[in-house]
There are 2 protein chains.
Amino acid sequence: MKIDELDKRILKHLQEDSKKTNKEIANDLKLSVTAIYERIKKLERDGIIAKYVALVNPENVGKGFMVLCQIKLIQHKKEILTKFEKDITSLPEVIECLHVSGDYDYILKVLVKDMDEYREFMVAKLTSLDHIGSTKSVFTINKVKQSTIINL
Amino acid sequence: MKIDELDKRILKHLQEDSKKTNKEIANDLKLSVTAIYERIKKLERDGIIAKYVALVNPENVGKGFMVLCQIKLIQHKKEILTKFEKDITSLPEVIECLHVSGDYDYILKVLVKDMDEYREFMVAKLTSLDHIGSTKSVFTINKVKQSTIINL
DNA sequence: TATGAAAAGTGCTATAT
DNA sequence: ATATAGCACTTTTCATA
């Protein structure tokens, strides 16, 4: 459950490129292939490594328009929150949904093709949900940095 | 450059789990291994698949505190924006930096251990940057949904 | 916990349809 | 454009220190 410096260096490799072979990592870290192998398996077992995924370039598949949608609910009763969270989670356009502090209750990260598709998402899906108080859309002008790498 | 239904189904598999073998995918989609292989290679060449990565569970490595930090700059001259973006990109705590529309210029996604570490990040790193006008921190109460899967 | 060698499985290439 | 077959490489297991 506690990771040492070696684990961190392995994780750095795998967070950058999970296709790196154990051999490559072993060479870089001056260790045997099996040592690396066993460490990685342990990191997987312990849930440090959650999963391995392919990252798709949104721009190249017509999902280059990113909008952060802030949402305020009318009430804050538990059933309402739960229902809202369940509904939101089922929407594929919503890549991320955070329950947050501040003026709004939730912030969604929505990925669509363009403003037309976003409007469609708003009217057809979002505003038809129950208990939505108000929304505020923040449009992404530029993705300055986007990373999945956690610094350890 | 244009992807068909089959490509989409392959991407769905790989976005969920990039460790799936071509054989597994081939079985599921009732195709030969080579057909799947060639398609995946094409998706990689065309930049549809950007990269393969290991996703680390932030909670399990002491980075469970996520803050969205909204930033307003004092000026909006090109040199200032460029400098700010360069500086921000180099900070490992900042997983994401978006240039956005609205009341603030930028929204950062910051990953740290706890409030103490966030305060340290603010005073030592963020507010020492030039041309920062004002900031507003939004704290994550709960990660309702977090996905890297783009719906195609 | 790490190592090296052997076994099993996958990816890759060439060939064929 | 998709399928089959052989080779190379990687992962995985095991014996050992």
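Throughout, a chain's letter reflects where its sequence line sits, starting with A, and its residues are numbered from 1. Basis for what follows: all heavy atoms, side chains included, without hydrogens, waters or symmetry-related copies.
- In this structure, A:N22 has no side-chain hydrogen bond (donor to acceptor under 3.5 Å, both in side chains) partners at least two apart in sequence or on a different chain.
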For residues 112-120 of chain B, which side-chain N or O atoms pair as donor and acceptor with protein atoms under 3.5 Å away, sequence neighbours left out?
| residue | atom | partner | partner atom | Å |
| --- | --- | --- | --- | --- |
| B:D114 | OD1 | B:D116 | N | 3.2 |
| B:D114 | OD1 | B:E117 | N | 3.0 |
| B:E117 | OE2 | B:K63 | NZ | 3.4 |
| B:E117 | OE2 | B:K113 | N | 3.4 |
| B:Y118 | OH | B:S137 | OG | 2.7 |

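- Remark: B:T21, B:N22, B:K23 in residues 9-23 of chain B come within less than 4.0 Å of DNA chain C through at least one heavy atom.
- Listed in residue order, the members of residues 26-47 of chain A having a heavy atom less than 4.0 Å from DNA chain D are A:T34, A:Y37, A:K41.
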Using a 3.5 Å cut-off and no angle test, enumerate the donor-acceptor pairs between side-chain atoms of residues 30-38 of chain B and protein atoms at least two apart in sequence or in another chain.
| residue | atom | partner | partner atom | Å |
| --- | --- | --- | --- | --- |
| B:S32 | OG | B:A35 | N | 3.2 |

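- Between B:L126 and B:I88 the shortest side-chain heavy-atom distance falls below 4.5 Å.
- For the residue pair B:Y52/A:E16, the side-chain donor-acceptor check at 3.5 Å is not satisfied.
- Between B:A54 and A:S18, the closest heavy-atom pair is N-CB, 3.7 Å.
- Listed by chain and number, the residues in a side-chain hydrogen bond (donor to acceptor under 3.5 Å, both in side chains) with B:D4 are B:R39 (sequence neighbours excluded).
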